[in-house]
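Worth knowing before you read on, the calculation uses all heavy atoms, side chains too, and leaves out hydrogens, waters and symmetry mates.
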Amino acid sequence: MNIDNISNNNNNDNSRLATPSEEDCCHNGCNPCIFDIHAKLLEEHKKKEKGNVKVQISNNILCQFSYKNFVITDIKEAADSYILLSLKYQENDTKNDACLLIEPGQHVMLHLQDATKPFTPLYYTNDSIQFLIRLYQNGKFSTYLRQARIGNEIRVRGPYGNFSYTCNSFQNIVMFCMGSGITAMYPIAKSIIDNELEETRIHFIGCFQKISQIPLKKELQVLSDYWNFKSILYISQLLNEVHNLHGVDIKSGRLHEESVYQILKKNVNSTTLVLICGSPEFNNSVEQWTRNTNCNHIHVFE
């Protein structure tokens, strides 16, 4: 099996097993809660000690059960209702070559004022992260972000996620996403395309309401120039908008069961992985349609 739980290095750091304080919890009912994460890490640590498993020291700036302080360095529009948010780590504890360690497809929790929400990073460097974030009209976190300015502080904890990919472990990867679900897919696709040893073919299927609401247009076009990447975008409200997306196939309408069947019928075998990320309704529908094709390797990003 090629999908395994990620064992992050920061889970093994003795210095990071201290019990979180009450102020570390935002009391917003986060999933995962820092106290649940702490209990899980302690349990894993005890099992490793009992089994005489060597414990490695982490160099990850981030921690799963305590927040780290970042500041906003840039905010810019990415598409209709989408922004690119850039953060930089500001605390002075990057000794011992500590840096950001995040696997493609993992997410972190962002805490702004009294609101917390999970987001998947698009890019990261040793001390900076960039997010693609959809702004909702009446969303609490979205309201705070609209008011945020460069230099404001945002707290981050993580990373989380149980997706793991090994180079060339599948011949084909089919990605189904809706809206901001593209943030889980793009880093995975880019990491594969950027690896010269990869021979895996990627078929990206994105679902959006309008052409103007498609983020990462240029990025998808760049990926489409590679031999092992192709993409189809389903636009539910394809109006008389001018669009010229080189290498990207635009289809009018919604993704439906027959569409999924036609996409998968030539690809479904033991060497095909299907990834799904969108709303709960989208995830449930596409997962069921995929299972109807007898696909065995499916991962849904919740």
Side-chain angles (χ1 to χ4, degrees), residues 76-86 102-108 110 117-124 129-136 139 141-142 145 159-161 163 165 173-194 200-226 228-238 241 243 245-251 253-255 259-260 263 273-287 290 298-302:
K76 59 184 177 183
E77 185 178 355
D80 186 12
S81 300
Y82 286 88
I83 62 168
L84 285 172
L85 175 71
S86 299
I102 306 170
E103 294 290 333
Q106 286 190 301
H107 68 275
V108 299
L110 298 188
K117 196 171 182 179
F119 293 99
T120 302
L122 275 186
Y123 308 101
Y124 73 91
I129 322 176
Q130 185 181 66
F131 299 89
L132 173 70
I133 297 178
R134 182 173 183 178
L135 299 180
Y136 294 92
F141 201 94
S142 296
L145 279 180
Y160 308 104
F163 175 77
Y165 172 76
I173 297 180
V174 183
M175 301 177 168
F176 292 101
C177 72
M178 183 184 77
S180 57
I182 192 174
T183 58
M185 304 300 184
Y186 178 75
I188 298 170
K190 190 174 188 305
S191 69
I192 292 173
I193 297 301
D194 286 347
T200 300
R201 294 178 179 268
I202 299 173
H203 192 178
F204 176 90
I205 298 94
C207 301
F208 301 92
Q209 189 175 36
K210 300 177 182 178
I211 291 288
S212 61
Q213 292 181 341
I214 303 173
L216 306 181
K217 293 188 185 77
K218 292 182 179 179
E219 288 81 356
L220 289 177
Q221 288 180 283
V222 171
L223 293 183
S224 297
D225 286 335
Y226 290 82
N228 55 340
F229 183 92
K230 66 176 180 179
S231 64
I232 299 175
L233 301 182
Y234 285 83
I235 311 301
S236 61
Q237 297 179 20
L238 188 59
E241 299 175 277
H243 60 275
L245 298 180
H246 167 74
V248 179
D249 187 8
I250 302 292
K251 292 186 178 295
R254 297 178 181 274
L255 183 73
S259 304
V260 172
I263 292 167
L273 169 65
V274 175
L275 304 179
I276 304 170
C277 187
S279 67
E281 295 77 14
F282 178 89
N283 289 351
N284 292 337
S285 296
V286 177
E287 181 180 9
T290 301
I298 304 171
H299 184 87
V300 180
F301 293 91
E302 302 293 346

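- The nearest pair of heavy atoms linking Tyr234 to Ser259 is OH-CB, 3.6 Å.
- A distance of 13.0 Å separates CZ of Arg201 from CD1 of Ile173, quoted to the nearest 0.5 Å.
- Side-chain contact between His246 and Asp225 is present, with heavy atoms from C-beta onward closer than 4.5 Å.
- Counting all heavy atoms, side chain and backbone alike, Pro104 lies closest to Phe163 at O-CD2, 3.9 Å.
- For the atom pair CG of Leu85 and CG of Leu145, the computed distance is 6.0 Å after rounding to the nearest 0.5 Å.
- Taking 4.5 Å as the limit, every side-chain heavy atom of Val274 sits out of range of all side-chain heavy atoms of Glu287.
- Looking at every heavy atom in both residues, Ser212 comes nearest to Ala79 through O-CB, 3.6 Å.
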Hey, mind stepping through Asp80 and Gln213 against side-chain contact (heavy atoms from CB on, under 4.5 Å) and telling me if it holds? CA-CA 5 Å; Asp80 186 12; Gln213 292 181 341; 3.9 Å; yes

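- Residues Ile211 and Ile250 have side chains in contact (heavy-atom distance under 4.5 Å, counting atoms from C-beta outward).
- For the residue pair Gln106 and Pro121, the shortest heavy atom distance occurs at O-CD, 3.3 Å.
- Taking 4.5 Å as the limit, every side-chain heavy atom of Leu223 sits out of range of all side-chain heavy atoms of Ile202.
- Pairs of residues two or more places apart, or lying in two chains, that qualify as salt bridge (charged side-chain N to carboxylate O under 4.0 Å, His left out) and include a residue from residues 176-190 are Lys190-Asp194.
- Ser142 is linked by a side chain to side chain contact (heavy atoms under 4.5 Å, CB included) to Leu135, Tyr136, Arg146, counting only residues two or more places apart in sequence or in another chain.
- Annotation: Phe208 is not in aromatic contact with Tyr82 [ring centroid separation under 6.0 Å not met].
- We find the CG-CZ distance between Asp249 and Phe204 to be 13.0 Å, quoted to the nearest 0.5 Å.
- Atoms CG and CD1, on Asn228 and Ile193 in that order, are 3.5 Å from each other to the nearest 0.5 Å.
- To the nearest 0.5 Å, atoms NZ (Lys76) and CD (Gln130) are separated by 6.5 Å.
- For the pair Leu84/Leu122, a side-chain contact is recorded, criterion being any heavy-atom separation below 4.5 Å from C-beta on.
- Minimum interatomic distance between Phe282 and Cys207 (heavy atoms only, all atoms of both residues): CE1-SG, 3.9 Å.
- For the pair Ile214/Ile182, no side-chain contact is recorded, criterion being any heavy-atom separation below 4.5 Å from C-beta on.
- Among the candidates Phe131, Tyr160, Tyr124, the single residue satisfying the side-chain contact (heavy atoms from CB on, under 4.5 Å) test with Val108 is Phe131.
- Between Phe119 and Phe141, the two ring planes are tilted [angle within 30° to 60°].
- By the neighbour-count criterion of 12 heavy atoms within 6.0 Å, atom OH of Tyr226 is sparsely surrounded, having that number or fewer from other residues, nucleotides or ligands.
- Here the straight-line distance linking atom CG of Leu273 with atom CE of Met175 works out to 8.0 Å at 0.5 Å rounding.
- Judged by distance alone, the side chain of Tyr165 and the main-chain N or O of Ile188 form no donor-acceptor pair under 3.5 Å.
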Leu220 vs Leu245, side-chain contact (heavy atoms from CB on, under 4.5 Å): CA-CA, chis, key distance, verdict: CA-CA 9 Å; Leu220 289 177; Leu245 298 180; over 6 Å; no

Steps toward side-chain contact (heavy atoms from CB on, under 4.5 Å) verdict (Asn283, Phe301): CA-CA 8 Å; Asn283 289 351; Phe301 293 91; over 6 Å; no

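- Scanning both residues, Ser231 and Gly247, for their nearest heavy atoms gives OG-O, 4.3 Å.
- With a 4.5 Å cut-off on side-chain heavy atoms, Ser86 and Tyr123 do not count as touching.
- Proximity of Glu103 to Pro159: side-chain heavy atoms (C-beta onward) are nowhere separated by under 4.5 Å.
- Within 6.0 Å of NZ on Lys230 lie no more than 12 heavy atoms contributed by other residues, nucleotides or ligands.
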